[in-house]
Amino acid sequence: APTYCVAAAARGAMAAGRVPYQLLAGDRFNLAPGVLLMFALAACKDLACLPSLVRWQINAYTNWSLMLMGLGQLLGQDQWEPFLCTNGIGLVVGFRTAMSQGLDDNLRKKLDEHGLKLSRRVFQFLDH
């Protein structure tokens, strides 16, 4: 419930013409929180103290988008939604196209390298 209250308050601020949680006065679309998140993810993707599977997940652009969506919802950044929607559609179309060309088997093999052994049928089932 607290997350909902924060998001509701932020939406109310946007309706009043203010961008919630604005870090920089000239940042009209309040991109600074998202950019800071991207900097943090970029810095963490090579940290040796993190398990290799975590580093691999942090390195995935799709997961960056999911984290941006979560941050946008948490902070009530409705102005990010058109970009994130378009970005999400692009990712879905790109991945579905790649899957028809065998990318799914490459992903399954990459998971196998990180210690998660899945048969092709199980991977395809879990992928959908």
Side-chain angles (χ1 to χ4, degrees):
T3 301
Y4 175 77
C5 294
V6 169
R11 283 175 185 47
M14 290 233 5
R18 297 184 320 267
V19 177
Y21 305 104
Q22 189 167 18
L23 300 178
L24 303 172
D27 187 5
R28 192 171 128 213
F29 295 104
N30 200 27
L31 299 176
V35 171
L36 290 175
L37 174 63
M38 297 299 102
F39 281 145
L41 290 171
C44 291
K45 71 183 181 75
D46 294 322
L47 287 177
C49 62
L50 294 174
S52 64
L53 185 59
V54 172
R55 287 193 315 266
W56 181 52
Q57 291 298 319
I58 291 175
N59 200 29
Y61 180 67
T62 311
N63 292 335
W64 286 32
S65 293
L66 291 171
M67 290 179 205
L68 267 177
M69 288 178 199
L71 181 66
Q73 287 298 307
L74 180 68
L75 299 180
Q77 302 299 310
D78 293 337
Q79 72 278 8
W80 293 0
E81 290 182 9
F83 160 75
L84 291 172
C85 178
T86 303
N87 186 46
I89 290 169
L91 287 170
V92 167
V93 169
F95 270 102
R96 288 294 119 195
T97 302
M99 292 300 178
S100 69
Q101 297 175 356
L103 178 69
D104 60 336
D105 205 40
N106 291 340
L107 288 172
R108 186 178 64 82
K109 289 175 184 174
K110 188 70 164 180
L111 287 171
D112 188 31
E113 290 174 13
H114 288 286
L116 185 59
K117 297 183 186 311
L118 300 171
S119 71
R120 184 163 173 74
R121 287 190 188 271
V122 170
F123 178 84
Q124 288 175 334
F125 176 74
L126 294 174
D127 186 47
H128 287 85

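Everything numeric here is computed off the predicted structure, so don't read it as measured data.
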Members sharing Ile89's hydrophobic cluster (side chains within less than 4.5 Å): Val93
Pairing residues for Asn30 by the side-chain hydrogen bond (donor to acceptor under 3.5 Å, both in side chains) criterion, not counting sequence neighbours: Gln77
Which residues share a side-chain contact (heavy atoms from CB on, under 4.5 Å) with Ile58, sequence neighbours left out: Leu41, Cys44, Lys45, Leu50, Val54, Trp64
Hphob cluster co-occupancy, Val122 + Leu53, side-chain heavy atoms under 4.5 angstrom: yes
Residues which pass side-chain hydrogen bond (donor to acceptor under 3.5 Å, both in side chains) with Gln57, listed by chain and number, not counting sequence neighbours: Asn63
Side chain to side chain donor-acceptor pair (under 3.5 Å) contacts touching residues 82-95 (sequence neighbours left out): Tyr61-Asn87, Ser65-Asn87
Test side-chain contact (heavy atoms from CB on, under 4.5 Å) applied to Leu71 - qualifying residues, sequence neighbours left out: Pro33, Leu37, Leu75, Trp80
Test log, rule side chain to side chain contact (heavy atoms under 4.5 Å, CB included), inputs Gln73 and Glu81: CA-CA 9 Å; Gln73 287 298 307; Glu81 290 182 9; 3.1 Å; yes
Any pair counted as salt bridge (charged side-chain N to carboxylate O under 4.0 Å, His left out), so long as it reaches residues 115-124, sequence neighbours left out: Asp104-Arg120, Asp105-Arg120, Asp112-Lys117
Contact summary for Gln79 and Pro82, nearest pair of heavy atoms: O-CD, 3.6 Å
Set of side-chain hydrogen bond (donor to acceptor under 3.5 Å, both in side chains) partners for Asp27, sequence neighbours left out: none
From CD (Glu113) to NZ (Lys109), nearest 0.5 Å: 10.0 Å
Heavy-atom pair of closest approach, residues Gly76 and Pro20: O-CG, 3.6 Å
Residue list, side-chain contact (heavy atoms from CB on, under 4.5 Å) with Asn106, at least two apart or on another chain: Leu103
Residue pair Leu68 / Met38, side-chain heavy-atom distance below 4.5 Å: yes
